[in-house]
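Only one structure is covered here, and it is reproduced in the block below.
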Amino acid sequence: MNQQLNILLIGQGGRESALAWKILGSPRIGTLYTAPGYYPGAIQATGLALDDFEAVAEFVERHAIDITLVGPTEYMMSGLVDYLLEQDMTVIGPPSGTAVLETSKEQAKDFMTENIIPTPRCMSVTQDTVAEGLAFMDSRRPPYVLKADGLSRGCGVWLIDNLADAKDMLADMLDGRFGEASETVLIEDFVEGRECSVFAALDGENYLMLTPAQDYKRLFNGNRGPNTAGMGAYSPVGWADPAFLEKVERRIVIPTVNALRERGELYRGFLYLGIKNDGGEPVLLEYNVRLGDPEAQVILPRMESDILDLLEAMAEGTLGDYKTVWSPQTCVGVVVAGAGYPSGPMQTEAVDGLEEAEATGCLVFPDDLTKDATGRIVTSGGRVVTLVGVGGNLATAAATAFEGAERIRLDNKHFRTDIGTPESD
Ligand code: GLY
């Protein structure tokens with residue numbers, strides 16, 4: 001590939017903000033184009049309709065894009081990645097056939113079971129098999145884990161202590177609480193222990209372990225309240241020591257990569273593994289076929305290597321010879337969310353204070369922000385911005401992140417005040 005690379009980054013969330021920031025920091029970047037997101041320093045491909053695959057391919061051709069980097073899963077499932085691959089274009093992001101590892105919890109579970117990857121026992125239930133599902137629940141111990149089969153913006157997993165409540169929730173989910181996503185529901189055994197997000201980069205043949213992150217999925221302090229797509233994160237993860245990560249690699253990552261290779265689909269992209277520590281033994285809860293959000297916001301600032309070298313190695317199938325270097329610094333990311341998140345409704349609101357937050361020493365990674373007709377920065381709701389503090393330890397990094405979060409001005413904003421603190425353990 002060329003020394004200077006032109007990149008098209010697809011997506012618009014906090015993860016893509018962090019990717020854009022990291023890519024723009026590379027001495028190898030030629031031009032960074034983004035769609036649909038807007039990031040200072042990049043050229044926003046305004047008017048590029050991402051559901052018009054021919055238009056995207058034409059854009060890639062016209063702007064001499066070397067690599068198209070796809071952040072969110074929706075553009076893998078839409079067929080965009082498949083189409084660009086068919087045109088022999090270089091894409092980081094797996095095809096739709098492999099993205100089902102994230103978009104169908106049921107198919108992911110079958111894949112794990114077939115490949116003898118440690119994962120909690122579960123039963124998959126539909127309206128037709130609800131009686132069997134209820135009987136299965138009677139035979140299990142609380143808390144009961146219910147997972148919508150399909151994508152539901154990080155909100156489709158429920159942990160319920162009481163059997164009667166869990167049965168009501170099962171009925172509610174099968175009745176369409178999450179639309180089509182919960183037409184099938186998995187009832188899974190709960191596993192005690194700490195959970196972290198482990199990442200690998202894949203080039204179609206080889207893999208490279210990246211640094212893990214600790215995600216906070218619950219809405220409220222003390223890990224209470226409903227699940228969200230993530231209210232904060234930190235990296236590195238002290239308890240996920242090299243011996244534990246070696247087990248994750250040997251028992252989970254290697255069998256996964258081998259099985260993907262055997263399926264014959266080209267998977268050049270990031271793989272996210274939701275891992276529980278069950279008494280020192282790793283078990284796999286879920287796959288995602290992308291970097292995490294807000295995990296990307298705390299791992300990318302720790303990447304000392306040039307991200308374009310990594311993307312190039314992923315694109316060219318040379319990851320086997322490539323190593324990333326990680327800073328020993330700690331990053332803590334705090335997500336500021338808008339009113340009503342995660343249950344919605346999403347609404348457009350003005351956001352101020354981004355520059356003041358940056359002045360505290362934070363990295364500021366906006367999520368789906370745009371400018372309105374009057375030039376004000378507005379959010380479409382949900383998660384609004386991740387503030388990342390970088391420091392010598394969790395306490396100093398968290399203090400900076402909280403200071404940044406305080407500076408954000410948004411009606412009815414909320415954020416967790418225990419990310420990275422001992423109270424959240
Ligand atoms: N933070 C969880 C996710 O990205 O799915």
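Counting starts at 1 for both ligands and their atoms, in listed order. Throughout, residue positions are numbered sequentially from 1 according to the sequence presented.
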Distance under 4.0 Å, heavy atoms only, partner ligand 1: which residues pass? D215, A229, Y272, N288, R290, G292, D293, P294, E295
Once rounded to the nearest 0.5 Å, what's the spacing between atom CZ of F53 and atom CG of L80? 5.5 Å
Keeping the roles fixed (side chain from R140, backbone from I187), state whether a donor-acceptor pair exists under 3.5 Å. no
Show every ring pair (Phe, Tyr, Trp, His ring centres under 6.0 Å) that has at least one partner inside residues 251-303, sequence neighbours left out. F111-Y287, F199-Y272
Please tabulate, for side-chain N and O atoms in residues 381-397, each donor-acceptor pair with protein atoms closer than 3.5 Å (sequence neighbours left out).
unit_1, atom_1, unit_2, atom_2, d
R383, NH1, A229, O, 3.2
R383, NH1, G230, O, 3.0
R383, NH1, D293, O, 2.9
T386, OG1, Q297, NE2, 3.1
N393, OD1, A395, N, 3.1
N393, OD1, T396, N, 2.8
N393, OD1, T396, OG1, 3.1
T396, OG1, G392, N, 3.4
T396, OG1, N393, N, 3.4
T396, OG1, N393, O, 3.1

Considering only residues two or more places apart or on different chains, which pairs with a residue in residues 330-341 satisfy salt bridge (charged side-chain N to carboxylate O under 4.0 Å, His left out)? none
Donor on one side chain, acceptor on other, Q44 and T46, under 3.5 Å: no
